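Report on one structure; see the data block that follows.
This one's a predicted model, so the numbers in the text were calculated from it and none came from an experiment. Per chain, numbering begins at 1; letters A, B, ... match sequence-line order. Hydrogens, waters and symmetry mates are skipped; everything else that's a heavy atom, side chains included, is used.
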Amino acid sequence: MSRNKLTIYNTLSSKKEIFTPIYEDFVGMYVCGPTVYSNVHLGNCRTFISFDMVYRYLLHLGYKVRYIRNITDVGHITTDTNDEVDRIGEQAKLEKMEPMEIAQKYTVYFHQIMEQFNNLSPSIEPTATGHIIEQIEWIKEILNNGFAYEINGSVYFDVLKFNDSYNYGILSGRKIEDLLSGTRDLDGQDEKRNPLDFALWKNASPEHIMKWSSPWGMGFPGWHLECTAMSSKYLGNEFDIHGGGMDLKFPHHECEIAQSTSANGKTPVQYWMHANMLTLNGKKMSKSTGNTLNPDELFSGKNQLLDKAFQPMVVRFFMLQAHYSSILDFTSEALQASEKGFNKLMEAIKTINLLPFSEKSSVDVKSLVDKFFSAMNDDFNTPILIAHLFDAVKIINSVKDGKEFLTQNDLLFLKENVECFVYNVLGLKTNQDEQNNNKLNEVMDLIIDLRKKARDSKDWPLSDFIRDRLVQVGITIKDNKESTSWI
RNA sequence: GGUUUCGUGGCCGAGAGGCUUAGGCAACGGUCUGCAAAACCGUCUACAGCGGUUCGAAUCCGCUCGAAACCUCCA
């Protein structure tokens, strides 16, 4: 099996490493999920699509995967000052709702979008608010070990103290001295002993809405802590893969490592994976700067940047044509190119079923399928996989044209693997409208039949009229030698 | 300023010391077709710049120029 050949680029070591899970056959994977205070944007989606692909391939290799992706429903402070403004609380005031209504509203939206992108559900999708007790336990442990201090009802992680015993910055490659010299002066008097220290628990003022009681008074947990608490609860103190967007590498993931290490004495994660940014106009998509595109706008085409609407699967395909660790720039033109490629691929999959088989094969499908695996084994190289799938497309079309030949076994083998990699691994599917719409199919059969009659009697005005009207409805007619199909 | 990356043909985007003509899109020529569309065949040989290492570099090293992410919430 090609399982033991899977390599993963580990951002902790900055190297590709052979993937060996802690427990044979089982993989634990944690991915940082969204903060649900507003609509997910396309950049967020890229990360989740990337890790969905990783999840799918691990499953394809036969691993039993426990995939955890959290929902951050505690609104963490927006600035490092002491003003205690949190995003969910702010949004709640803005929309005149309870904070949990905000969290619910945007969680539901998030799920809808994930489904449209054909992302599989994680095994567990824990919420930060559902794990306050666990987070408090972690703080106690870190305090016990002497790596945190309490002040005015807040608890801070002592980065300098930690760095004396361990190494703060192993993930991001930062040095304490550099970090210190780079810190800015913040407004107001800071409770922290050191600007690098981060909050494990924040004291909440009476006006603050989202708060819980703790040994240190009413407050709310620090952002970095929830992932530590939830990943360890469901995957153990040491687990295989931790993923997230590049922008979380520092400080979020660095702090997670520090928290776990300070409590357990060892680093929590074997393989750190970081999905790169989706940019718009050459700049990272970001809610705070407003440089975003929402999936809805893309699916409906209602945005100035777009010439037309795009199906979710086209967008997914577009993203998978780039490697997850590369920055990908979004443009309408690039998406249109992907749309054509996607349609070509999906058409070929349909035609596999119509191919004739021969006594002998003129192409080596086994070695082609091997290439599918080796592409994915090379740090989930989906662009290479897709390139090889297009080799398969070429073969399929050539067999259709009688220029290449395949035996029944080879044909079946090719069909199974192409379908498997396209549907199960890349998570692509044909557009919803095309599926399970028997009535439409029958009506279309009828229309094509009528048009055929018109064409047989050389009634070109009528046959073209039918074709043009269908185009207006969004259906394209394709006349082949023997038959007519539509898309 | 510091840390981490990156700069590939008209566009998107892989590759990482010597054959990948990577792949997709676009363009051009052809086959097919009532005309289209789609398919198919063919054409299009690039690695920011300047040095260096090497028998050999897009790939390694140095410098220059340019871009991004992070150092504040962020996927």
Side-chain angles (χ1 to χ4, degrees), chain A residues 11 14 31-35 37 40-51 72 75-81 85-87 169 171-175 177-184 186 195-196 223 243-252 254 274-279 282-289 317-318 321-323 325-329 331 333-345 347-348 351 375 378 381-391 393-394 396-398 400-403 455 458-460 463-464 467-468 471 476-481 485 487:
Chain A
T11 25
S14 302
V31 173
C32 290
T35 303
Y37 72 94
V40 267
H41 60 68
L42 211 59
N44 299 320
C45 294
R46 184 185 182 203
T47 297
F48 302 128
I49 288 170
S50 295
F51 285 105
T72 298
H76 297 285
I77 49 173
T78 53
T79 63
D80 214 2
T81 53
V85 176
D86 81 77
R87 291 200 185 284
L171 181 66
S172 55
R174 281 158 215 249
K175 301 208 169 17
E177 311 86 70
D178 296 338
L179 286 167
L180 283 170
S181 66
T183 48
R184 303 167 205 178
L186 299 166
L196 299 183
W223 175 41
M246 269 306 276
D247 51 349
L248 299 184
K249 192 171 169 186
F250 189 89
H252 185 54
E254 198 72 74
H274 289 96
N276 221 323
M277 301 292 99
L278 181 69
T279 60
K283 292 266 162 52
K284 172 190 172 184
M285 276 196 205
S286 166
K287 290 178 192 172
S288 46
T289 59
F317 181 76
F318 162 71
Q321 270 189 309
H323 193 258
S325 65
S326 301
I327 292 170
L328 175 63
D329 191 53
T331 60
E333 295 76 22
L335 212 55
Q336 281 182 44
S338 288
E339 184 174 48
K340 296 207 174 179
F342 174 74
N343 288 336
K344 184 172 169 180
L345 177 63
E347 271 303 293
T351 59
D378 184 13
N381 199 326
T382 52
I384 295 286
L385 169 63
I386 289 170
H388 293 315
L389 285 168
F390 275 108
D391 290 341
V393 168
K394 201 165 212 173
I396 290 162
N397 285 326
S398 298
K400 186 182 75 178
D401 285 3
K403 287 170 183 157
R455 295 179 75 212
K458 298 200 192 303
D459 186 352
W460 308 130
S463 80
D464 288 353
R467 188 171 66 195
D468 294 344
V471 166
T476 308
I477 287 281
K478 294 194 286 194
D479 295 324
N480 295 315
K481 261 183 194 161
S485 59
I487 188 169

Regarding A:Ser338 and A:Gln321, is there a side-chain donor-to-acceptor distance under 3.5 Å anywhere? yes

Rounded to whole Å, how long is the line connecting atom CE of A:Met277 with atom P of B:A67? 20 Å

Which class fits the ring pair A:Phe342 and A:Phe317: parallel under 30°, tilted 30 to 60°, perpendicular over 60°? tilted

Quiz item: A:Asp479 side-chain donor-acceptor pair to B:A36 base, under 3.5 Å: yes

Please report, rounded to the nearest Å, how far the C1' atom of B:A68 is from the NZ atom of A:Lys249. 14 Å

Reckon A:Gly33 touches a base, only the sugar-phosphate, or nothing at all at heavy-atom distances under 4.0 Å? sugar-phosphate

Nearest-angstrom distance from the residue atom NZ of A:Lys284 to P of B:A69: 7 Å

If you look at every strand shown and take non-hydrogen atoms under 4.0 Å, does A:Thr279 touch a base, only sugar-phosphate, or nothing? nothing

Would you state whether a donor and an acceptor, one from the side chain of A:Arg467 and one from the base of B:A37, lie under 3.5 Å apart? no

Please report the interatomic distance CD1(A:Ile477) to CG(A:Asp464), rounded to the nearest 0.5 Å. 11.0 Å

Work out how far the P atom of B:G1 is from that of B:A57, and round it to whole angstrom. 33 Å

Looking at B:A39, I'd like to know if its phosphate oxygens (OP1 or OP2) sit under 4.0 Å from a side-chain N or O belonging to A:Lys400. no

Donor-acceptor pair present, A:Asp178 side chain and B:G1 base, under 3.5 Å: no

Using atom C1' in both nucleotides, what's the gap between B:C50 and B:U31 to the nearest angstrom? 49 Å

Looking at every non-hydrogen atom in both residues, tell me the closest pair between A:Thr11 and A:Lys249 and how far apart they are. CG2-NZ, 4.3 Å

Under the criteria of a ring-centre distance below 5.5 Å and an interplanar angle below 30°, is A:Phe48 stacked with the base of B:A75? no

Ignoring hydrogens and angles, are the base of B:C73 and the side chain of A:Ser288 linked by a donor-acceptor pair under 3.5 Å? yes

Please work out if A:Gly43 contacts a base, only the sugar-phosphate, or nothing of the nucleic acid, heavy-atom cut-off 4.0 Å. base

List RNA chain B stems (3 or more consecutive Watson-Crick/G-U pairs, under 3.5 Å)? B:1-7 with B:65-71, B:10-12 with B:23-25, B:27-30 with B:40-43, B:48-52 with B:60-64

